[in-house]
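Notes follow once the structure below has been shown.
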Amino acid sequence: MPPSAPVPSSPSSVLMSPDAAAGTHAGHFRRSLSLLDLTMIGFGSIFGSGWLFAASNVSAIAGPASVISWAIGGLAVLLLGLVFCELGAALPHAGGVVRYPAYSHGPLLGFLMGLITVIAFSSLISIEIVAARQYAGAWIPGLTRNAAGDPTWAGWIVQLAVLAGLLRLNLSPIRTFALFNNIVTVFKFCVPLLVIVVLLGHMDAGAFTRHGFAPAGGAGIEAAISTGGIIFAYLGLTPIISVASEVRDPQRTIPLALTASVLMATVVYVLLQVAFVGSVPDRLLAGGWAGVAHILALPFHDIAITVGALWLATLVVADAIVSPAGTGNIYMSASPRIIYGWARGATFPALFARVDRDSGVPRPALYLTFVMAVFWTLPFPSWQALIGVVSSALMMSYAFAPIAAAALRRTAPDLHRPFRLSRMAVMGPLSFIVASLIVYWSGWQTVSWLLSLQLLLGVGFVAWWGVTKRPGHRGQLRHTGWVLVYFAGMVGLSGTGSFGGSGILPHPLDDAAVALFALAIYLWAERSGNRVFMDRADL
C-alpha cells in the first residue's frame, strides 16, 4: 500500500496473502507453476556453466580434496535453503529474496539487498551466455579471440542475439517459459550423468593421493568454495523464491522444490568431481594439480578427448551450449521478479512494479534486466573474470535470510508458517556464519571493494531517507545499524586475514574471528527487527 494508506489492523493476515496486484497500472501474477516446474527451475538454475568450468578450477586450488569443497558447498546452500523454505512458504511473494529483509528490518536492508541481488542476477545471465559462447568456439571458429575466453566482434554479436532471444521468450506467459525450461533441464541432467558413468570407468584411485590429497591444506579447500566456482555453481535457490507468487500450493511446493534441487545437485556435483579427479592422466600432473586449470581449460570436454571418448566430448559441447543458455533463461525470468520486489519495497522506481495484464510478466523490469545483461558482457568478457565477484554478491544476497527469518519470529509470531525450521536458535546463526565465511574466503580483492561499496551506499541511503523524512527514518540506524557495522567489520577482517590480506590474523585464527564476529552480528540483528516495517510494507 502507499505510505498514505491506513495501516492494516491485522498485519499477519496481509502477510499471508500472495501478491494480487503490482502497483500502478498493474496486472496479476498467475499461479500456474507445479512442483515439477519449480524443481526444474531450481535444478536448472543450479546446473548452468558451473559444472562445465569449475572442476579443473577447484582441482587447481584444492587438489583431490576439492571433493570435500563440493560437499561443504552443498551443505552450506542446503542450510540457507531450509531458511528460505520457511520464508518462502510463509510469504510467497514475487521477488521475496529482497522483500524479506525489508519486512524484518526496514528499507535500508531492502535497498541494499535489492541492489546487490539485481547486480548479481543480471551479471549472472551474462556469465552463462558467455560460457555458452566459449564452448561453442570448439565448433565455430572466430567466436573467441584468446585463451582467456574474450569474444571477437562476431562472438559478442552471437551473445547479443541469444540474449535477445531470451528476452523474447520471457515476454511470453510463465507457462511457456516453464515448458521450455523443463525440456532443457532434462537434457542438462542426462549429459552429466553420462559423463560420470564414462569417466568412472577410466578412474585411477591413485590420482587422489599421488600428488597429495590436499596440497594447499584446509585453506585451499575453503578458497575453492568461494573462488573456484563452487558457490557460483550451487546458488540457484533464489529463482525459486522469485517466482513464488506464481506457484500452485506454494506452502507445500516451495520447501519440496528447494530441498530436492539442492540435494540432487550436490550428489551430481560430488560425483562429477570424483570422476574428473580420478580420470586425469598422471602425465598431465607433472607439476602437481596447480596447473590443471590451464591444461584442461574446458575440463570435461578435454578429459573426454584425453580418454578417447570423442563422442562424449561432442555431447559435452552440445550440453555446454544448451546448459548455460538454459540457466541464463531462468535468471532472465527471475531477475525481473527481483526488480519488481525491489520496486514494491519503495526503494526503487514504481515503474518497475508494473505487471502486464495479458501475459502476467513485469515488462519494464524485464526490459531493464535485458539492458543490464547486455552491459555486463562489455567490461567483463570471460567466465573467469566475473566468477569471484558474482559468487560473493550472490552469497551476500542469501546471507541475510537467516537474520530476517529469526527477526520475523520475534516481530510476527502470529504469522502462519506452513514450514517451520526446527532449532532456529542453532540453524539460523550457523547458516549466517557459513555465509559470512564463504564471503570472507573470496579474498581481500573482492571483499574490499564489494563490501566497501555496500557500506558507502548504505550510509548514503540512510542520509537520503532521513533528509526526505521517509516513513521509519527515525528508526533506521536503531534497526539496521548492525548491517553497516557488519560490512565495515568484514572489510577489516579481510584486510588483516590470510585470504589476500596482510596475514596479521593467520589461518585458521582468521576463520574463528570471522565466525565469532558473524555470531555477534546475528545476535544483534535478530533483536533489531521491528513490526512497524511489515505494517507499512507494500504487500
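Throughout, numbering of the chain's residues begins at 1 and tracks the sequence.
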Less than 4.5 Å apart, side chain to side chain, heavy atoms only: is that true for Leu272 and Val268?
yes

Is a donor on one side and an acceptor on the other found under 3.5 Å between the side chain of Ser452 and the backbone of Ser448?
yes

Nearest-0.5 Å distance, CD1 of residue Ile321 to CD1 of residue Ile140:
6.0 Å

Which atom names give the shortest non-hydrogen contact between Leu91 and Tyr100, and what distance separates them?
O-OH, 2.9 Å

Could you go step by step and tell me if Met113 and Val97 meet the side chain to side chain contact (heavy atoms under 4.5 Å, CB included) rule?
CA-CA 8 Å; Met113 289 305 97; Val97 65; over 6 Å; no

State whether the side chain of Thr480 and the backbone N or O of Leu109 hold a donor-acceptor pair below 3.5 Å, judged by distance alone.
no

Within the structure provided, determine whether Trp464 and Phe111 are in side-chain contact (heavy-atom separation under 4.5 Å).
no

Where Thr259 and Cys85 come nearest, the two heavy atoms and their spacing
OG1-SG, 4.1 Å

Please work out whether the ring planes of Trp153 and Trp156 are parallel, tilted or perpendicular, with thresholds of 30° and 60°.
perpendicular

I'd like to check Leu366 versus Val361 (side-chain heavy atoms, cut-off strictly below 4.5 Å). Are they in contact?
yes

Do you know which two heavy atoms are closest between Leu451 and Met490, and how far apart they sit?
CD1-CB, 3.5 Å

Taking the side chain as everything from C-beta on, heavy atoms only, tell me whether Trp376 gets closer than 4.5 Å to Ile119.
yes

Rounded to the nearest 0.5 Å, how far apart are CG of Leu194 and CG of Asp319?
10.0 Å

Run Leu368 and Ile339 through side chain to side chain contact (heavy atoms under 4.5 Å, CB included) and show every step you take.
CA-CA 9 Å; Leu368 177 61; Ile339 294 171; 3.9 Å; yes

Side-chain contact, heavy-atom cut-off 4.5 Å: Phe400 with Val483?
yes

Determine the minimum heavy-atom distance between Ile403 and Ala525, stating which atoms define it.
CG2-CB, 3.5 Å

Under 3.5 Å, is there a donor-acceptor pair between the Ser59 and Gln273 side chains?
yes

Between Ser126 (side chain only) and Ala373 (backbone N and O only), is there a donor and an acceptor less than 3.5 Å apart?
yes

Once you round to the nearest 0.5 Å, how far does OG1 of Thr152 lie from CZ of Arg133?
7.5 Å

Considering all heavy atoms, the nearest Ile129-Ala325 contact
CD1-CA, 4.1 Å

Would you find a donor on one side and an acceptor on the other, under 3.5 Å apart, between the side chain of Ser431 and the backbone of Pro402?
no

Working to the nearest 0.5 Å, report the span between CZ of Arg363 and CZ of Phe352.
15.0 Å

Short question: side chain of Ser494, backbone of Val491 - any donor-acceptor pair under 3.5 Å?
no

Side chain to side chain contact (heavy atoms under 4.5 Å, CB included) between Val374 and Phe370, worked out
CA-CA 6 Å; Val374 172; Phe370 172 74; 3.8 Å; yes

Distance col, row Leu271:CG vs Trp70:CH2, nearest 0.5 angstrom, shows 12.0 Å

Flag the pair Thr369 / Ile125 as yes when at least one side-chain heavy-atom distance between them is below 4.5 Å, and no otherwise.
yes

Kindly give the heavy-atom pair with the smallest separation between Ala76 and Val434, and that separation in Å.
CB-CG1, 3.3 Å

Is Leu163 close to Thr377 at the side-chain level, that is, under 4.5 Å between some pair of heavy atoms?
yes

Is a side-chain donor or acceptor of Arg337 paired with a backbone partner of Ser333 at a separation under 3.5 angstrom?
yes

Should Leu143 and Gln159 count as side-chain neighbours, where that means a heavy-atom distance under 4.5 Å?
no

Derivation and outcome, side chain to side chain contact (heavy atoms under 4.5 Å, CB included), residues Leu87 and Leu408
CA-CA 9 Å; Leu87 291 168; Leu408 285 172; 3.9 Å; yes

When rounded to the nearest 0.5 Å, the distance separating CG of Leu256 from OG of Ser261 is 10.0 Å

Do Thr347 and Trp342 pair up side chain to side chain, a donor and an acceptor below 3.5 Å, judged on atom types alone?
yes

Check: Ser66 side chain, Ser69 main-chain N or O, donor-acceptor pair, under 3.5 Å:
no

